[in-house]
Protein chains: 2
Amino acid sequence: MNFNKTTEEHILRIARNVFERKGFQGARMQEIANEAGINKSLLHYYYRSKEKLFHNAYRKAFESMIPDVREIFMGQKPIKEKIRLFADSYSRFLMQNPNLPHFVLHELNRDPESLLSIIKEAGIDPTQFIGQIKKEMEAGNIMPMDPRQLMINILSMTIFPFIAKPIIMPVLCGNDQEVYKQLIEERKKLIPEFFTNVMIKDDN
Amino acid sequence: MNFNKTTEEHILRIARNVFERKGFQGARMQEIANEAGINKSLLHYYYRSKEKLFHNAYRKAFESMIPDVREIFMGQKPIKEKIRLFADSYSRFLMQNPNLPHFVLHELNRDPESLLSIIKEAGIDPTQFIGQIKKEMEAGNIMPMDPRQLMINILSMTIFPFIAKPIIMPVLCGNDQEVYKQLIEERKKLIPEFFTNVMIKDDN
DNA sequence: ATATGGTTTAACCAGGTGGTTAATCCAAAT
DNA sequence: ATTTGGATTAACCACCTGGTTAAACCATAT
C-alpha cells in the first residue's frame, strides 16, 4: 500500500475517524482495518491492542481541541478580544470536526480519570485567566459574574450546538444543512456580544 | 422475586439505569439481568430483544425530559417567567438525572431518525413560542435576537454543564462534588438574568 | 388432586469479538 | 545472489454476546 505518510499514521487517522463516529465500544477493529484498506493484524502490529489504539486516537483528538482553549486561558489579549477570538475560531474548528465534542465528552464520561493526565500534559491553568476576568469586570469591560460561570457559559454556547445537532437540525432548521450552518455562523458574532456588549438594566 | 411493582416494570427501571450509564453498545444483557437479580432469559421474555428493551428505556428517558420543554414551548406565561421556570425546574430535574442528557444525545447521534417519531408523539411545535418571543422582544421585555438562537442559548446554558461535568468538576471545582452542585445551583438564577435583565450597551 | 398457563430458569447455540501465530512478502544491505 | 528484518497477511483461537429452547416452577381455577 502507498499512503500519504507512514502506515502507522494512516492507521491512526482512520482509527480516529471511526472512533469519533462510533465511540470506543461501537468501533470494530475489523471495521478500522477495512476502512484503512489493511489487514486487521496490522492494527495490533502497530498498536498492541484496541485499548492502546484508541488511547492514541483519543489523545490526539482531545489535544486538537486544546490550543484555542489554551489561548483564552493563558494568552495576554484583553478579555473582549479573547472571547471574540475563541467563539470565532472554535466554531470554525468544530465545523470541520463536527462530532469531536460528542466523542470527547462521551469517552470522558466513560473514563473520567483519563482527563487528568491530558490536562496536566497540556499545561493548562485557569487561575491566571480568572484573575484577568476579575480585573476586567471591575473595569466594566464585561458583565460581572463568577468567572467560572463565565467560562462555562462561553463553552456551553459554543460547543453545545454541535453536540445537539441531531436535535437542532430537525426542530429548528427543517433538516436543512445550510440553515444549520448559517445558524452556527451567526453565533460567532452573537456569542461575544452576549458577554461584552451588554450591561445590567437598572430597572426591572 | 418480590419487586416494587411488576417484574416488567422492574426490568425496565434497571435497564434504563444501565443504558444511561453505558449506552446501547456498552450495556450487556447479562449485566442488566444481574443488576435486576433475574435470569437473562427473562429480559427476552418481556422484551423480545436488546434493541426493543433499549427502545422502551430510551423512549421513557427521553419523554421524562420533555414536560418542561413543552411548558416553555406551548405554555401561556410571559417569556421572562418561562425562562426563569425552565432554568430552575430543568436544572433540578437534571440534578436528579445527571447522565440523562449525555445518554439521550449519545443515542441521538447514533440514530438521528429515532427522534422524529418521539417529537411527533410529544406534539411539540415551536412556532407559537417563536411568535411569542418576537412579540415580547418588540415590547422590550427581552434582549432582541433570533428566537432560534435564544432557544439554543437557553438549552446550551442549562444542559451543557451536566454533559461536561467530568471536565468541569476537576478543572473548575477541584473535584469537589459540593462545589459543583453549588455552581449548578447558582446557574438557576444566573441563566434567566442573562436573557431578561440585560440590554445592549449603546456606547462602544 | 390436578390441570392450566403465565413466569422463571439452566443449558445451549451461532456468530462476532479482540487478539495471536506462523508464514510470506519485499526492499535494503551485504 | 543471499541475507536480513521490518511490514503484511491468512488462518486460527478463546471468549463473549445476544438469543433460543425445553424444562421446571407456581399460583389459581376446576
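Below, chain A is the first sequence line, B the second, and so on; all start at residue 1.
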*Output yes when at least one side-chain N/O atom of B/Ser49 is less than 4.0 Å from OP1 or OP2 of D/dG18, else no.*
no
*What is the distance, rounded to the nearest whole Å, between atom OH of B/Tyr46 and atom P of D/dG19?*
18 Å
*List the protein contact pattern of nucleotides 22-29 of chain C with one symbol per nucleotide (5' to 3'): B for base contact, S for sugar-phosphate-only contact, - for none; contact means a heavy-atom distance under 4.0 Å.*
--------
*May I have the distance from B/Asn34 (atom CG) to D/dG18 (atom P), rounded to whole angstrom?*
12 Å
*In whole angstrom, what separates A/Leu42's CG from C/dG18's P?*
16 Å
_Gap between atoms CD and P, on B/Glu9 and C/dT7 respectively (whole Å)_ = 13 Å
*asked:* So if I apply the ring pair (Phe, Tyr, Trp, His ring centres under 6.0 Å) rule between B/Phe103 and each of B/Phe24, B/Phe19, B/Tyr58, which one comes out positive?
replied: B/Tyr58
_Closest to side chain of B/Asn39, choosing from C/dT7, D/dG19, C/dT9_ = C/dT9
*Tell me: OH of B/Tyr45 to P of C/dA10, nearest whole Å?*
17 Å
*asked:* Once hydrogens and angles are ignored, does a donor-acceptor distance under 3.5 Å link the base of D/dG19 to the side chain of B/Lys50?
replied: no
*Tell me, please, whether B/Phe54 has B/Arg110 positioned over its six-membered ring: NZ or CZ under 6.0 Å from the ring centre and within 45 degrees of its axis?*
yes
*Would you mind reading off the distance between A/Arg28 atom CZ and D/dT17 atom C1', rounded to a whole angstrom?*
10 Å
*Quick one: label B/Ala33 by what it contacts on the DNA or RNA (base, sugar-phosphate, nothing), any heavy atom closer than 4.0 Å.*
nothing
*Using 4.0 Å as the upper bound for N to carboxylate O, is an ion pair formed by A/Lys60 and A/Glu63?*
no
_Taking every non-hydrogen atom, the tightest pair across A/His102 and B/Leu105_ = NE2-O, 4.3 Å
*asked:* Between A/Glu71 and A/Lys77, does any side-chain N to carboxylate O distance fall below 4.0 Å?
replied: yes
*Could you walk me through whether A/Glu20 and A/Arg16 pass the salt bridge (Lys or Arg N to Asp or Glu O under 4.0 Å) check?*
CA-CA 6 Å; A/Glu20 278 186 27; A/Arg16 179 177 156 182; 2.8 Å; yes
*asked:* Please report the distance, rounded to the nearest Å, between NZ in B/Lys40 and C1' in C/dC13.
replied: 10 Å
*Within the modelled atom types, does a donor on one side and an acceptor on the other bring the side chain of A/Ser41 and the base of D/dA10 under 3.5 Å apart?*
yes
*Drop me the distance from A/Cys173's SG to B/Arg148's CZ, to the nearest 0.5 angstrom.*
6.0 Å
*Take atom NE2 of A/His44 and atom P of C/dG19, then tell me their distance rounded to the nearest Å.*
4 Å
